[in-house]
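So that the names make sense, note that chain A is the first sequence line, chain B the second, and so on, each numbered from 1.
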Number of protein chains: 2
Amino acid sequence: MAATIKDIARLAGVSPATVSRVLANKTAFYGPATAQKVQAAALKLGYRKNTAAAELVTQRSNVIAVVVNSVKTNFSSQIITGIQDTAAAHGLNVIIVYAGIVDPEAQRKALLTVIERPVMGILLLSINLTPENLALLQGAQTPYCFLSIAFDDGDLPSIASDDWQVGYEATQTLLKAGHRKIGLAAVDSDSHTGRFRLAGYESALRDAGVTPQADWVQPGVYSYAAGREAMAAYGATSGLTGVVAGSDMAAIGVLNQSRDLGLRVPNDLSIVSIDGTEMCELVQPQLTSVSQNFYDMGAAGVRQLLEPDKQSQQVTPIRVVDRQTVRVL
Amino acid sequence: MAATIKDIARLAGVSPATVSRVLANKTAFYGPATAQKVQAAALKLGYRKNTAAAELVTQRSNVIAVVVNSVKTNFSSQIITGIQDTAAAHGLNVIIVYAGIVDPEAQRKALLTVIERPVMGILLLSINLTPENLALLQGAQTPYCFLSIAFDDGDLPSIASDDWQVGYEATQTLLKAGHRKIGLAAVDSDSHTGRFRLAGYESALRDAGVTPQADWVQPGVYSYAAGREAMAAYGATSGLTGVVAGSDMAAIGVLNQSRDLGLRVPNDLSIVSIDGTEMCELVQPQLTSVSQNFYDMGAAGVRQLLEPDKQSQQVTPIRVVDRQTVRVL
DNA sequence: CTGTTAGCGCCTTCAT
DNA sequence: ATGAAGGCGCTAACAG
């Protein structure tokens with residue numbers, strides 16, 4: 001059995017309440033003499049506080065839970081770092097749980113492990129909840145905030161980039177370099193994110209006097225495989241001179257598939273990636289990207305949890321980072 | 001306030017004990033009629049069990065905690081998937097907490113958030129604890145197991161590849177291809193892992209009749225930057241025809257730095273990477289690697305937690321995967 | 001400054 | 001098949 005404050009109390013010859021006080025550093029409520037005794041006893045017994053018990057009585061917790069949709073994503077590490085740093089600055093602890101990317105049952109289980117214990121807030125990274133699971137989340141009396149994902153329904157608190165703008169600027173980067181026939185690869189057509197990026201892409205095209213063509217867009221789930229498939233679908237003779245890819249991984253898929261098709265990047269094909277993670281600088285040529293500020297998303301998420309009443313739909317800025325995959329025509 | 005079993009009891013007109021029983025599915029102890037009433041009431045109140053309270057009384061938990069050393073690593077995702085799947089198969093939940101890679105204080109805080117609440121076991125991914133923090137961990141009455149890291153001290157439960165063998169086989173892969181002057185890059189010289197890989201590397205060299213040279217090894221912390229630095233230290237004219245890199249990220253660093261030095265891979269320089277994550281197939285040329293079985297490490301870790309008395313030092317098999325960075329001389 | 005008392009939400013004998 | 005009672009480890013009044 002682990003030692004409890006009662007054990008300490010007995011050993012130190014004081015009451016449990018006193019032990020609780022010195023262990024909680026309520027300095028106004030005990031003298032130095034007892035403090036000594038108590039701390040010595042605690043040390044000798046190898047005492048570890050049972051936080052669950054403490055949280056049960058105080059009705060509050062200092063842990064924030066992060067629900068992540070899949071182990072595969074790599075941008076999540078930046079968001080998590082932002083969360084971690086900001087949480088630490090506020091004396092908060094962070095725990096992470098993985099939910100399946102689509103499986104509603106896995107999603108539900110992840111939510112439950114988080115909801116069924118005392119957490120002060122929940123951050124959901126790029127998670128698309130089923131209506132049932134959303135109800136579950138809202139039923140819990142816990143502040144929450146979606147990160148890196150936005151909704152048509154304006155009531156859900158979220159922090160994300162402006163997806164329309166992302167699509168627009170990515171496309172414009174190519175347009176400015178003189179490209180006219182531009183593809184959009186591995187962006188999904190179901191989600192808010194995908195639809196807005198598509199809309200931004202089309203607007204940019206139209207603003208430049210280019211009429212979007214249906215076969216220029218090859219939807220997909222933002223993965224490496226989706227990028228490869230999209231590029232394979234275009235083929236070597238599509239006439240496209242530029243492609244906007246839905247994520248860094250997708251961009252690498254496009255890049256590698258281009259190579260397999262005998263296309264050189266950026267000579268034969270220019271690529272603009274969306275996300276701007278470290279991946280962009282690991283591959284050759286380095287990917288020009290519309291970079292999101294994931295770190296700030298995480299940081300803002302924590303702050304949002306701290307003041308749940310504030311403005312709920314936040315937008316983080318993006319910027320285009322020119323590297324090596326856009327050729328000026 | 002969230003609803004409690006008392007609220008349900010009142011609404012359903014039964015006692016809290018009965019509510020507890022039907023909610024826990026103790027089917028032998030209640031009739032279908034009451035079950036109906038209770039479940040209806042629970043649903044209406046949006047009841048969520050307070051797991052912390054339940055764990056407080058039952059003195060056990062079904063969550064296993066994973067401590068990860070940094071957000072940057074990418075092999076951890078495979079281990080976590082292995083953990084996740086195996087845990088789910090046993091009805092266990094998984095939470096993850098990040099500890100700083102070296103900062104002892106961050107390490108300590110991560111450990112505490114995990115130790116100070118009821119978890120049935122702790123898995124530590126590639127974590128090197130300070131003696132104090134190790135004592136802390138051992139002081140907690142919780143089973144634990146280190147993953148992807150081994151120790152000279154044979155008493156600590158751990159599951160990892162045989163690092164000597166990793167070093168040996170990586171080097172041998174190059175040797176077999178006819179290389180003689182072979183570097184070892186971005187392996188640290190302090191840890192068990194690093195020292196054993198180094199020893200394996202030297203043994204392979206000697207077994208092939210090659211005398212290791214001091215300037216063939218450029219230690220580092222397994223990172224992309226370390227890989228780049230190691231290669232930069234070798235320079236373009238080292239005479240090395242092959243390099244073993246300490247991790248996939250390090251290998252990519254070596255690869256990119258080689259390119260900057262004007263060396264073509266594998267024509268001028270062959271590379272064998274250690275880890276074998278998906279990264280190997282994303283870069284060009286694809287990295288030949290000594291691949292570790294991270295998924296199984298995670299799975300075995302969960303099993304180890306379940307039977308803490310069994311054999312404590314386990315080794316998972318490795319295999320070399322030939323891709324495109326080793327040229328046969 | 002310190003001890004006593006009560007109770008957080010839940011589970012579990014022990015009766016009935 | 002169900003209720004009453006006690007207690008898990010801790011903290012928060014309330015007395016003193």
Side-chain angles (χ1 to χ4, degrees), chain A residues 1-39 41-42 45-63 112 115-120 140-142, chain B residues 1-39 41-42 45-63 112 115-120 140-142:
Chain A
M1 264 318 301
T4 73
I5 53 171
K6 275 190 187 170
D7 302 321
I8 298 179
R10 208 171 312 128
L11 184 59
V14 297
S15 79
T18 301
V19 175
S20 172
R21 290 191 266 252
V22 349
L23 261 27
N25 266 305
K26 300 219 175 307
T27 40
F29 297 103
Y30 57 84
T34 35
Q36 290 304 322
K37 287 191 297 187
V38 168
Q39 269 144 4
L45 296 176
Y47 173 76
R48 294 285 110 223
K49 169 194 206 147
N50 184 329
T51 305
E55 289 175 344
L56 181 58
V57 19
T58 58
Q59 305 278 27
R60 61 214 146 91
S61 155
N62 72 332
V63 350
L112 283 180
I115 289 178
E116 287 189 348
R117 61 192 74 226
V119 297
M120 64 81 58
Q141 298 302 326
T142 310
Chain B
M1 265 316 302
T4 74
I5 53 171
K6 275 191 187 170
D7 301 323
I8 298 179
R10 208 171 311 127
L11 183 60
V14 297
S15 80
T18 302
V19 174
S20 171
R21 291 192 264 250
V22 348
L23 260 29
N25 267 304
K26 299 220 175 306
T27 39
F29 296 102
Y30 57 85
T34 36
Q36 291 302 324
K37 287 192 298 186
V38 169
Q39 269 144 5
L45 294 177
Y47 173 76
R48 295 285 109 222
K49 167 197 212 147
N50 183 330
T51 304
E55 289 174 343
L56 181 57
V57 19
T58 59
Q59 305 278 25
R60 62 214 145 92
S61 156
N62 71 333
V63 351
L112 282 180
I115 288 178
E116 287 189 347
R117 61 193 73 227
V119 297
M120 62 84 56
Q141 298 303 326
T142 310

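Nucleic acid contact class of A54(A) (heavy atoms, under 4.0 Å, all strands): sugar-phosphate only. T34(B) comes within 4.0 angstrom of the backbone, heavy atoms only, and of no base. If you check every strand for non-hydrogen atoms under 4.0 Å, A28(A) touches sugar and phosphate atoms only. Backbone-only engagement by Y30(B) is indicated by non-hydrogen atom pairs under 4.0 Å involving sugar-phosphate atoms exclusively. Residue-level contact check: R60(A) touches the backbone only, with heavy atoms under 4.0 Å from sugar-phosphate atoms and none from bases.
Between K6(A) and dC8(D), a side-chain N or O to OP1/OP2 separation shorter than 4.0 Å is present. In this model, the phosphate group of dT11(D) is approached by a side-chain N or O of K49(A) to a distance below 4.0 Å at OP1 or OP2. In this structure, Q59(A) does not reach the dT11(D) phosphate: none of its side-chain N or O atoms is under 4.0 Å from OP1 or OP2.
In this structure, R117(B) CZ and T51(A) OG1 are separated by 5.0 Å, a value rounded to the nearest 0.5 Å. To the nearest 0.5 Å, atoms CZ (R60(A)) and CG (N62(A)) are separated by 9.5 Å.
Separating the CZ atom of R21(B) from the C1' atom of dC14(C) is a distance of 11 Å, rounded to the nearest angstrom. In this structure, D7(A) atom CG and dC8(D) atom C1' are separated by 13 Å, rounded to whole Å. Here dC1(C) presents its P atom at 14 Å from CG of N25(A), a figure rounded to the nearest Å. One atom, NZ of K26(A), and another, C1' of dA12(D), lie 9 Å apart when rounded to the nearest Å. The nearest whole Å value for the distance from the CZ atom in F29(B) to the C1' atom in dA15(C) is 14 Å. dT11(D) atom P lies 12 Å from atom CG of N62(A), rounded to whole Å. Distance, N50(B) CG to dC10(D) C1': 14 Å, rounded to whole Å.
Rotation axes derived from the C1' atoms of the five outermost pairs at either end of the helix from dC1(C)-dG16(D) to dT16(C)-dA1(D) lie 40° apart, to the nearest 10°.
Of all the heavy atoms in A2(B) and D7(B), the pair that sits closest is O-OD2, 4.1 Å. In terms of heavy-atom proximity, E55(B) sits nearest to P118(B) at OE1-CG, 3.2 Å.
Taking only side-chain atoms of I5(A), from C-beta outward, the nucleotide of dC10(D), dT12(C), dG3(D) with the closest atom is dC10(D). Here dC11(C) is the nucleotide among dC11(C), dG3(C), dG9(D) with the atom lying nearest to any side-chain atom of T58(B). Comparing dT11(D), dG3(D), dC8(D) against the side chain of V57(B) picks out dC8(D) as the nearest. Candidate nucleotides dT4(C), dT2(D), dC10(D) were compared by shortest atom distance to the side chain of T4(A), and dC10(D) ranks first. Of the candidates dC8(D), dT2(D), dG3(C), dT2(D) carries the atom nearest the T18(B) side chain, counting heavy atoms from C-beta on.
On a pure distance criterion of 3.5 Å, no polar donor-acceptor pair joins the side chain of R48(A) and the base of dG9(D).
Remark: of the listed residues V14(B), L11(B), T34(B), V14(B) is the sole one forming a side-chain contact (heavy atoms from CB on, under 4.5 Å) with V19(B).
Closest-nucleotide positions on DNA chain C for L56(B) and A17(B) were compared, and the one nearer the 5' end corresponds to L56(B). Heavy-atom distances to DNA chain D give each of A35(B) and A53(B) a nearest nucleotide, and the one nearer the 5′ end belongs to A35(B).
Salt bridge K49(A)/E116(B): absent, no basic N to carboxylate O contact under 4.0 Å.
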- request: Verify side-chain contact (heavy atoms from CB on, under 4.5 Å) between T27(A) and V22(A), making sure each step is shown before the conclusion.
  value: CA-CA 7 Å; T27(A) 40; V22(A) 349; over 6 Å; no

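Considering only heavy atoms from C-beta on, Y47(B) stays 4.5 Å or farther from V38(B) through its side chain.
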